[in-house]
Amino acid sequence: VPLLIILGVLGGFYVVPIDSFIQAASPPEDRGQNVAAGNLLSFLGVVLASFLIAFFGNGLGWSAAQGFLAVG
């Protein structure tokens with residue numbers, strides 16, 4: 001559990017500056033589209049990871065720990 005908390009905090013330190021950079025570097029007329037595209041890609045990554053974990057568990061018979069390790 002402590003490692004998952006640390007992973008979440010460090011992931012936030014990675015994602016927040018990237019989102020800020022996208023907003024600051026985008027031209028004002030395209031800013032909304034760029035932020036929306038970034039959010040869509042992030043969401044697709046979350047969905048893909050969940051499908052991979054399900055495939056590893058149900059399709060390959062791996063344990064949850066092995067599936068998380070492979071996705072990570």
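Throughout, numbering of the chain's residues begins at 1 and tracks the sequence.
Note on Ile6: it clusters hydrophobically with Val9, by side-chain heavy-atom contacts below 4.5 Å among ILVMFWY residues. Put simply, Leu60 and Leu52 are part of the same group of oily side chains (I, L, V, M, F, W, Y) that touch within less than 4.5 Å, one to the next.
Taking all atoms of both residues into account, the shortest heavy-atom contact from Arg31 to Gln23 is NE-O, 2.7 Å. Taking all atoms of both residues into account, the shortest heavy-atom contact from Ala70 to Phe56 is CB-CE1, 3.5 Å. What you find for Asn34 and Pro27 is that their closest heavy atoms are ND2-CD, 4.3 Å. Closest of all the heavy-atom pairs between Pro17 and Gly12 is CD-O, 4.0 Å.
Here the CG atom belonging to Leu69 is positioned 11.0 Å from the CD1 atom belonging to Ile53, to the nearest 0.5 angstrom. Note that the CG atom of Asp19 and the OH atom of Tyr14 stand 10.5 Å from one another [nearest 0.5 Å]. For the atom pair CZ of Phe55 and CG of Leu48, the computed distance is 12.0 Å after rounding to the nearest 0.5 Å.
In this structure, Gln33 contributes its side chain and Asp30 its backbone to no donor-acceptor pair below 3.5 Å.
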